[in-house]
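Each remark here refers to the structure printed beneath this line.
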Number of protein chains: 2
Amino acid sequence: MITSSRLRLAVLAAGLCLPATAFSLEASLREVPAKEIPVPTAGVSPQEQAVIGAALPPYWNDHPKDAAAWKALINLRADVINKTLPGLREKFGVKSEQVTIAGVNCYILTPDNIPEPNRNRLLVHVHGGGYVFAPGEAATREAILMAGIGKFKVISIDYRMPPDFPYPAAMDDAMAVWKEAVKTNDPKKMAIFGTSTGGGMTLAMVLRARTEGLPLPAATAPGTPWSDMTKTGDTFFTNEKVDNILVSNDGWLGEAARLYANGHDLKDPQLSPIYGDLTGFPPTILTSGTRDLFLSNTVRVHRKLRQAGVAADLHVFEGQSHAQYAGDPDAPETREHFGELTAFFDRYLAK
Amino acid sequence: MITSSRLRLAVLAAGLCLPATAFSLEASLREVPAKEIPVPTAGVSPQEQAVIGAALPPYWNDHPKDAAAWKALINLRADVINKTLPGLREKFGVKSEQVTIAGVNCYILTPDNIPEPNRNRLLVHVHGGGYVFAPGEAATREAILMAGIGKFKVISIDYRMPPDFPYPAAMDDAMAVWKEAVKTNDPKKMAIFGTSTGGGMTLAMVLRARTEGLPLPAATAPGTPWSDMTKTGDTFFTNEKVDNILVSNDGWLGEAARLYANGHDLKDPQLSPIYGDLTGFPPTILTSGTRDLFLSNTVRVHRKLRQAGVAADLHVFEGQSHAQYAGDPDAPETREHFGELTAFFDRYLAK
């Protein structure tokens, strides 16, 4: 039981306030008034300010009613990404090669020059997009940035997705590629990384690799991971409509979760890896932003890893909404983010 | 210039949205509707839930009109803290001794048992409280937690404060103690730490030590530092009235800044150390919470340190407002926080 004197002590403890009343259920729902928030400028590049200041996406509250409606939205968005890829590969000096690994469509991204320490290293990439977006080559955007900035060879997995292929197709494909890749590559020289859905999958892959007795990667980089699909976590609420990428779990995002789960329990650690046992995980670097709807998804994983004694680094970018550390390839923040990942991999991957 | 196609690319890059329109000044002010936010429970202890769910402090929007009004508020709050200190020292097995160092009132906090590696190590503590609160022994609350949990000897500095002693009295006192302490202690075995105002002072002390040619500490731990007194930083806005400790810069907090600065430029790095050159800083561990008004103050320092190549760790606690990692001595999160600091100091301080 929480008593008045206990709370008084606890709150005063912070050295900055006196509680008005004892803790009560009414007090626990905090009323936050409407506000207008300006774009942060201090320590934020002009390119990133544009990303942060953009209007909410018009379809954030879409609830596609059937598979055809999903596919129309998926294809529309993939087309726009795909048009940017040739220029992006050229800018970062990266070659893309489509291959099939263990029956799964993949892309191998190879930078023009691989420095000596990275010659035998290999990164495995699982893309973001709510388990529905970024099929085919659109999967490779983040992998191009990582390959080009970090100078690593990257395999990007074009895992199967809903509406045609719900859980566990995505994880089955990702694990099939991992299982195949570790046959011919040294896992001590390998890492897994990805953003959002790809961050959640990165964590779920380590859990499943352990369960299946497969080697673990030497490091992982789950960027703002979808670690909890149940709308649990403080910033699902505090950053609702503050984040201009995901905006709210009550739009397409929550629909995508249900479409992917296809009746499975969203608390299954293969869907929401925050509920898994993170003991024995490899060194992990996590990234988020102060406006990110998934900031709690990120820091909850960080804390749980630290509680398990895992070497885990956290980076939070000023003002950024979900995954905006990769929002503009020309923003200094994008180089900074992939630079942090590169330094982390260089520290923990064998040569 | 930001063009429509550039933004389209940038926002799509995150793989999750399509911009409605090109970036515009109108779009850059984001409208966030009023909301009710529940207390987070997943991964948050019951004790911490009580701290997070407490009502706003009744005086957050006080604007004391003169020195007498300030002193009344200061003394009221100090009395409440002081009553808790004997029990806190007993609980954590810490002895407090009042001493004068270089003419400055200080307290030496000594844990019952100091393990061998910590025998010659010494931590210097600068307390929080907006440069106005926690005079005298009330300064020592956080130092007791650090001494007791980390098993370090701690000097806590009772620096002079407004309304009687504005800037630079606090910094003069802190530096006088530092200068004296490094005469008889090895700075390679020393760290400086503090929360909020104490975090800002920790950073400002390193800047001033460098300027004055004094030795730097081997590590620092600025907790949710008041690194920017100018109300610059995204979470001054996004977390306004979300944070139940500081609540808003427009209450007593902004008044305290002006009272302390006493006409000096708030952008002076001795007042707002984010504007200083952080090159060559010692390894630094920073801590904040997802609801913290100073989350941006914290992550901006973290990023600037990382950009300068400094070893800097960031920890962000789920759901916590300002400095609530020390809110309840009995919360597991409090032990976790001081445990992280302990491990960090153990890593970077010589034995």
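Just so it is clear, the model here is predicted, and its values are computed rather than measured. Quick note on labels: first sequence line is chain A, next is B, and so on, each numbered from 1.
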Looking at every heavy atom in both V301(A) and I274(A), which two are closest together, and how far apart are they? N-CD1, 3.7 Å
Looking at E318(B), E333(B), E336(B), which hits side chain to side chain donor-acceptor pair (under 3.5 Å) with R303(A)? E336(B)
Chain B: which of R291(A), K304(A), Q307(A) shares the most heavy-atom pairs with it under 4.5 Å? R291(A)
Taking the side chain as everything from C-beta on, heavy atoms only, tell me whether T195(A) gets closer than 4.5 Å to T224(A). yes
Per-residue contact mode, E48(B) against chain A (heavy atom under 4.5 angstrom): neither
At a 4.5 Å cut-off on heavy atoms, which part of T232(A) comes close to chain B: side chain, backbone, both, or neither? side chain
Among the options V299(A), T334(A), T41(A), D234(A), pick out the one with the most heavy-atom pairs lying under 4.5 Å from chain B. D234(A)
Which residue out of E36(A), K241(A), H127(A), K35(A) racks up the most heavy-atom pairs below 4.5 Å with chain B? K35(A)
Inspect the contact between R306(B) and E340(A) and indicate whether a charged nitrogen and a carboxylate oxygen are less than 4.0 angstrom apart. yes
Hey, are the side chains of L253(A) and W226(A) touching, using non-hydrogen atoms and a 4.5 Å cut-off? yes
Under 4.5 Å heavy-atom distance to chain A, tell me which part of S321(B) shows up: side chain, backbone, both or neither. side chain
Best-contacting candidate, H302(B), H315(B), E142(B), against chain A by heavy atom pairs under 4.5 angstrom: H315(B)
Sequence-distant partners of F236(B), ring-ring contact (aromatic ring centres under 6.0 Å, His included), two or more places apart: F294(B)
